[in-house]
Structure formats: C-alpha cells, structure tokens
*Asks:* 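Sharing a structure with you now.
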Amino acid sequence: MTEDGYNFAYLDEQTKRMIRRAILKAVAIPGYQVPFGSREMPLPYGWGTGGIQVTASIIGRDDTLKVIDQGADDTVNAVSIRKFFARTAGVATTERTEDATIVQTRHRIPETPLAAGQILVYQVPIPEPLRWLEPREAETRKMHALEEYGAMHVRLYEDIARFGHIATSYDYPVRVNGRYLARPSPIPKFDNPKMDRLPALQLFGAGREKRIYAIPPHTEVRSLDFDDHPFEVQTWDEACAFCGAADSFLDEIVTDDRGGRLFVCSDTDYCGKRRAAGHTGSATRDPERGGA
Amino acid sequence: MAAAVTASVLGPGFAAPVPDSQQVFRRVLAAMAEPGSVHEIAVGMTPPPPLDPATAAVCLTLLDFETPVWLDAAADTGETRSWLRFHCGCPLAADAGAARFAVLAAPAAMPPLAGFPLGSEAYPDESATLIIQAASLEAGEAVSLGGPGIEDRRAFRAAGPGEDFWKQRRELEALFPQGVDLVFTAGASLAAVPRSTHVRV
Amino acid sequence: MYVAVKGGEKAIEASHRLLDAVRRGDPSVPEISTRQISEQLGLAVDRAMAEGSLYDRELAALAIKQARGDIIEAVFLLRAYRTTLPRLGNSEPVDTGRMTIRRRISATFKDIPGGQILGPTYDYTHRLLDFRLAGEGEAGGEGSVPEERTDPPSDEPMPRVADLLGREGLMEEDEDPVADEGPPTDITREPLRFPADRDARLQALARGDEGFLLALGYSTQRGFSNTHPFAGEIRYGAVAVEIVPEELGFPVEIGEIEVTEVEMVNQFKGSASAPPQFTRGYGLVFGHQERKAMSMALVDRALRAAELDEAAASPAQDEEFVLYHSDNVEASGFVQHLKLPHYVDFQSELELLRKLRAELEDAPAEAAE
C-alpha cells in the first residue's frame, strides 16, 4: 500500500497478474491483439487507461518513468498521468528519454533513439487497424485469422489512384514480423520507421477496447506500401525555431492572426537538450520573433 | 491463524508479494521479449521439492484461480499441489489439454507438446505456457534461436529437453500464430522461447 | 507564447481548486448532505447505482454530490471505486418471485393472482409544477406532506404473468439459470465476445446508458424491428440477496436490494424449430427505474433475432452496435478525449492537405479533366 491507501500502482495483484499474462502472450505473438479484462480506472477512457494499466502492471520501485503526450512532458495529460504514478507507485520520474526505463506515450515516439532494456508503452484509442474498413469485431477477427489484408492495400491504393500518393498521415498501418497487421496508435507516420527493429520493447494498451499487443525488440515492422509507391515520411521546409533541428517532428504554432507561424520540436526533451548544448533556431537567435 | 499454521507447514511464498512478483515478472517479460536470454531472479525462495526457486517464483507470479495448471508426474507431489493451491489458489488441470500453465519438472519424460492447448486461429492467445525446469540453462546442448526479440541469432543451452523435444517444437512453428510458449527455469535462472522463435538444432 | 498549450501541474491544481468552489456554490446556502440526496433524490441515486454497477446508496449519493448532479460523472466515480473492491463471492440468482412488492402492474390482464398494485408512480400525475415544493421548510411546504400510508406487504403469492402463459404452453420456456453450466459471464472481468451469450448481454444492458437504451427501445416500436411488445408485468420491490459460503454449503441471506423487473411479452409467429408462441424480453435494473427496465426488455428481445431466426436489419438488433456503444463511461471518455491535444496528428493532416492542394494547383489541366 502507498501513502493514500491505494494498492501499489493502483491495481490489485490479481488484476496485475491477469494483465501480465496478457502482456506475455502479446509479446509471444507479435502484433496480435490479446483481449484482456480491462478495469475501470480513475481516469477517463480515451485518456490513456490502456497504457496506464500496462504501465501499472510492469512498473516497480526501481523504475524511472517518463510520460509524454504529443511528444511533450509538460502537457496537462502527461502531467496528470505522471502524477498518478508518482502518487500510487512512488517511482522516480524523468523528462530525459535516455534516463527512463519506461516511457509511456500518447501520439509520439521520442526523437532520442530508445535503447535495449527500455520499454515504450503506447496509449491506444482504437487498436484494430481494419476498423475503418469493417466496424464489426467478429469480422475483423476472422480477417486477422485468415491473414486477409487485401482490403487495406486496396484502400491505400485508392488514395494513389486519386491523389498520386497515399493520403494517410498518422496511425499508418504496419505489418509486424510479416504476419499481423497492426496500428501504431495515432503516431504520425514520421515515427513509423523508428518502430522497425527497435532495440526497446514496445507494448500497446487499449483500455476501452480491452486489447493489449506488443512488438518485441529487433522485430521487423513494415509500413504498408507498394513497389512503385514506397512508404515515405513527412518533411518540413523549416527547422525548429528554438533549436534549429531539421530532423525532428515539428509542431506548428500560430503566432498571430496575420499568417504568422513558428515551427518547433514536438519532443520537448530533445529540443531542450539541443538548446542546452548551444543549438539555436530562428526564434532564439532573433528574440523579437520568438518573444512575440 | 489456521492459514498461518498451514503456511508454515507448506513453506512460505514470496516474502514481499507485491515487489517480488513485479521483479520476477519483469525477468519473465525480458526473457520472453529476448528469447534465449538468461535472467536471474533476486528473491529468496524455499519451495517444496522438486521445484527450483525460479520455477516456484514464476508460478507465484503468474498463476491464480483463473489459470488451471497441469503438473507432470515429477512435479505432481502432494506437497507441490498443496503449496500451489495455497499460495496461488490455482485449480489443477487433470489433463494437459485443459491447462493454461504446466509445470514440467522432468522434461525428458514430457507429453507431446501438441497435446497442450495451442489456441485457435482467431484466439491464438488461448494457449498454454509451459514452465520447464531444466538441470541448467547454460550447460546443455546448444540450439540456435532466431526471430522477434533476437537481433541476429542466439545460442540457447537448456540441459534437459532433448532432440525429440526440439523436433516437436520445430514442427509447431508451421502452426504459428497457434502454439505454446516455453519458460525454462533452473535454480534461480530463467529464460523463454515463445512460439514466434525459430529453433534450429 | 508557447505556454497556452502547456498547462502543467500548477494549472491542474488551480483548476481543481476552482472546481471545489464551483461545486460548493454560494457558501451562504446550506451544504446538501448525502443523506438528503439519498432520501430526496432517490431516483438519481438509483440510476447512478445501476449504471455504476454498485449497489450502495450512500456511495452513490456521495458520487452525485461530488459530481454536482452529473449522473454520468457519478457513475464514473462509482465504477472507478468498484475496481478497487475485492470480489468475495458470487450471489445466488435473486428470486423476484419472492419479491416484497411495492408496485406491480400488468398490461396484459385486467386482474392477476396477487392483484395489480399501483404503488408510488408518476404515471397518473398531471405534470404541473408543484410550487409548494419551492417553499422549503415553510408552512404549506413539504412539512405538510402526508406520511406514506402503505398496506403491509402482501403474503399472497404473486406468480409472474409470463409463467401463467407458460402453463398454457403459449409462452416459450424460460432458460433455467441454475442449469446453465459454470458461473455467469462477468463483462467487468473479461471482455465481451461475439456472439455474446444472453447473460453477458443482459449485464451490459443493465449497466447500459438509460438514454441510449430508451432511444433504441423506442426505435423498435417505430418499426425498426418491431417485436410487438406487451408489458406482461412490471414489478418493483425488494429481493433478498443470498450467498452460499463454502464452509456452510447452504444459502445465507446477506441483505436486500431494490430492483425493477420487466417481462415483455412479444408476439412470435414461429420458426422451423418452434411453434407460434409468445417470446420474452427481459429487463432487471437496480432501484426503481421502469423506463430503463422496459427499454432493456425491448432491446433484449430485439437482440434475440438470430436465436429466433428473425431477419436482423435494424440498429437495435445489431449486437455489436448495441453492446459496444451502450456503456456511457466508455462513450463519455472517448467522446471527450477529443479535448486532449491532437496537434501532432493534426499537424500531419495539415501537412498532407497543403501538399494535396499544392499538387492540385500545380496541375490544373489534369484536375479539370
């Protein structure tokens, strides 16, 4: 029990065992969505209850936890979840990607490459990659069993026929270890290549939909594409206005109502470290613009 | 009071159930995520024979009233039965085909792998996890492992399961995603070979 | 300038303090007690308990107070609390045939053994605002409301109307819950599977959002899968809850709960395997909630389409549609999660849209084709 009388990491031990068993099966069958008895958490469904239950089931006193939302450590939901674990598990928290043993994320993979031994826990709203093609679980489960993924290729190809390229920019479907089609949770497709053969373990928790899936380290994760239309990621004409990074995912900040824009790193830890190391961007070189 | 007396006759479980099971789980998770890698548990255990500390620790960590467990003839002693029932509350499966977990203390004499639940095409997770107690995880004949969790290939040296065992295990690969997942234990060490691993003898 | 989207810990704490103040309202007005809520807003308490799947009037009243009367928020509080409770055992099925009845009506027979008991109901009130209630504590206010006069609970047996029809062979046989193998499904411990068994379905409906079920039940009456329902019986009262302790081996009563039970009697023309007969739709809800129990019974019957060989083309007959969307804690969470920042995904869409527009403008001839 912790100070507030909660169980360690909120969940009771039987629930943790049930989730731990589901996690092991998920790791053993990469990309397959394991149904689990998701519990009702004191945070709302859709706000990370799946990721929270996974983290609560794996976390121990020796762990150091990092929580990000949209790549940032200081957005309200990231703060709220980090506080939940600091309070119920008494663990150390960090904003530094390389210092974390567990990183819980919503919508991004950190820019700093994750290393062997780290665990990346994704919060997943809709785990089923075939859901927009087929709303029924009874049907999509059959499609996975029979490896019937033609419809997804057709959908992507319809984009090519219409627009000349694939018009899916986030939550871009991947094939895990050559078998299961999986949803990378709504990360931008910019982050998809980071999933491939990542040395860290990737765990995915969908609380409302009651599914857990996983990608073991060093596992092939292919973003779906075609020989004549290979997968490609977003690029920006700008570099980060704060740190000058040209290799990170940029958020667009509207600075005024006359078309003023700033582009800055979505990964606050990455950006902060670069600035601490002396890197500058257009706004930090020109305080007039950045301080507006 | 009655429970305390029974526990002392049976031998204790984890000294500190919450942190101990978390620590052991993380070892099992690391083992499953990186097949063939060997991990040491750091919790003191005095389980009833023939269970090794790692075998018993994995049981305490993963089994409960929701998981029927099957014991092979070597593991199926009155004492292990009582110990598992008391500390895990798990039902004992009468036959291997009804087990979610199995504890195999004499792997050389184990029943066919395909006789354990392999899951279905739609629900491959509804399959057994076998806890196989080996004499050693470092001194046996090497098999070569590849697949998810392994960067190139990894040698695995469990002493106990023989050539026929690995042959059966190879045959199951064709059924993927159906299959069984293997946790190997010896002393305080553990390793795992999930169904996704390709085994070459 | 980059602060607006980053609330941080201080902002959250400040927000919680504001919330406390807003919840309390004008401090010169006396604070409402949970006992007042439990006694005087009893139907709100009933609804919070039913959809919260937790029978505890005091906790439900507390949740309603904390949620400032937002019942779905109160349900959420109860559900999260429920997660932390240990499961001590399963009760025996309650026997509503032995209910201590406060209200019981049938729309199918003029008189029935045990009689019709109107009980407390808004049904025949004229919906005129009663301004006497506005003058709390004043003369002519609630103080003058006559005390409840009730006849002692009847010992007369009150057989269910559906069973009376069953004796004539005109009603389908009921499932025998005891004969059913194994413990009942519990969707709070294992995820739903499809096709769902009826026990899982009834549990989902009993916890389901009243508004959602009301609309679905209504849709079946308007032709989206008409099941030709009659309100065979609606009864409300207290039933005993019993458990069988392992060491005793016989049932022991641990308390009473109030429930509303509805059996709809529905026309059925028969199928290849069944003669023409009446079929059942069943509703059972904590507390006094006839609207919810009736809606549940209509939807239960609609969802039996596959079992009864009926064409299933309407929303209320679609098991996945109904059961996956009836839970208001899930629905409320996911709808409201759109408040969370999505600017990474939005940025991705923005970039894509600009690219598509630029390509369109670069190739006007092709686009005009």
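All chains are named by letter (A, B, ...) in the order of the sequence lines, taking the proteins before the strands, and each is independently numbered beginning at 1. Every value quoted in this text rests on a predicted model; they were computed, and no experiment measured them.
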*Asks:* With a 4.5 angstrom heavy-atom cut-off, could you sort out which part of C:Phe76 is near chain A: side chain, backbone, both or neither?
*Replies:* side chain
*Asks:* Please state whether the side chain, the backbone, both or neither of C:Glu351 comes within less than 4.5 Å of a heavy atom of chain A.
*Replies:* side chain
*Asks:* Check for a donor-acceptor pair, side chain of C:Glu210 on one end and backbone N or O of C:Arg47 on the other, with a separation under 3.5 Å.
*Replies:* no
*Asks:* Would you say the side-chain atoms of C:Asp345 pair up with the backbone N or O of A:Tyr170, donor to acceptor, closer than 3.5 Å?
*Replies:* no
*Asks:* So, A:Arg208 and A:Glu40, do they make that salt bridge, N to O below 4.0 Å?
*Replies:* no
*Asks:* State plainly whether the residues C:Glu330 and A:Lys210 are in salt-bridge range, i.e. N to O under 4.0 Å.
*Replies:* yes
*Asks:* Should the pair C:Asp46-C:Lys292 be classified as a salt bridge under the 4.0 Å nitrogen-to-oxygen rule?
*Replies:* no
*Asks:* Specify which of C:Asp186, C:Leu192, C:Val329 makes the most heavy-atom pairs with chain A at under 4.5 Å.
*Replies:* C:Val329
*Asks:* Highest number of heavy-atom pairs under 4.5 Å with chain C: which of A:Phe36, A:Tyr45, A:Tyr10?
*Replies:* A:Tyr45
*Asks:* Ignoring hydrogens and geometry, is there a side-chain-to-backbone donor-acceptor pair from C:Thr185 to C:Ala200 under 3.5 Å?
*Replies:* no
*Asks:* Go through the atoms of A:Arg106 and report whether side chain, backbone, both or neither lie under 4.5 Å from a heavy atom of chain C.
*Replies:* side chain
*Asks:* Given heavy-atom pairs under 4.5 angstrom as the criterion, report whether the side chain, backbone, both or neither of A:Arg108 touches chain C.
*Replies:* side chain
*Asks:* Is it the backbone or the side chain of A:Gln14 that comes under 4.5 Å from a heavy atom of chain C, or both, or neither?
*Replies:* side chain
*Asks:* Are A:Tyr172 and A:Phe190 close enough, and set up right, to give a ring-ring contact (aromatic ring centres under 6.0 Å, His included), and what steps lead you there?
*Replies:* CA-CA 10 Å; A:Tyr172 190 103; A:Phe190 178 88; over 10 Å; no
*Asks:* Between A:Asp12, A:Leu43, A:Thr49, A:Leu11, who has the most heavy-atom pairs with chain C when the cutoff is under 4.5 Å?
*Replies:* A:Leu43
*Asks:* Would you mind checking if A:Glu158 and A:Arg162 are paired as a salt bridge, meaning a charged N to carboxylate O distance below 4.0 Å?
*Replies:* no
*Asks:* Against chain A, work out which of C:Lys355, C:Arg82, C:Glu319, C:Lys339 has the most heavy-atom pairs shorter than 4.5 Å and name it.
*Replies:* C:Lys355
*Asks:* Relative to chain A, which of C:Asp327, C:Leu77, C:Leu356, C:Ile187 shows the most heavy atom pairs under 4.5 Å?
*Replies:* C:Leu356
*Asks:* Closer than 4.0 angstrom, basic N to acidic O: yes or no for C:Asp70 and C:Arg68?
*Replies:* no
*Asks:* Counting only non-hydrogen atoms closer than 4.5 Å, does A:Phe163 touch chain C with its backbone (N, CA, C, O), its side chain (CB onward), both, or neither?
*Replies:* both
*Asks:* Given the options C:Leu353, C:Leu340, C:Thr84, which has more heavy-atom pairs under 4.5 Å with chain A than any of the others?
*Replies:* C:Leu340
*Asks:* Which region of A:Arg211, side chain (C-beta onward) or backbone (N, CA, C, O), has a non-hydrogen atom less than 4.5 Å from a non-hydrogen atom of chain C, or is it both or neither?
*Replies:* side chain
*Asks:* If we define contacts as heavy-atom pairs under 4.5 Å, which of C:Tyr81, C:Tyr324, C:Phe194 has the most with chain A?
*Replies:* C:Tyr324
*Asks:* Distance-only, no hydrogens or angles: does the C:Ser314 side chain make a donor-acceptor pair with backbone N or O of C:Ser225 under 3.5 Å?
*Replies:* yes
*Asks:* For chain C, which of A:Pro186, A:Ser169, A:Gly46, A:Pro188 has the most heavy-atom pairs under 4.5 Å?
*Replies:* A:Ser169
*Asks:* Is any NZ, NE, NH1 or NH2 atom of the basic residue among A:Lys16 and A:Glu13 found under 4.0 Å from an Asp or Glu carboxylate oxygen of the other?
*Replies:* yes
*Asks:* What option among C:His342, C:Glu190, C:Gln336 has the most heavy-atom pairs under 4.5 Å with chain A?
*Replies:* C:His342
*Asks:* Taking side chain as everything from C-beta outward and backbone as N, CA, C, O, which of these in C:Glu73 sits under 4.5 Å from a heavy atom of chain A? Side chain, backbone, both or neither.
*Replies:* neither
*Asks:* Does any backbone or side-chain atom of A:Ser80 lie under 4.5 Å from a heavy atom of chain C? Answer side chain, backbone, both or neither.
*Replies:* both
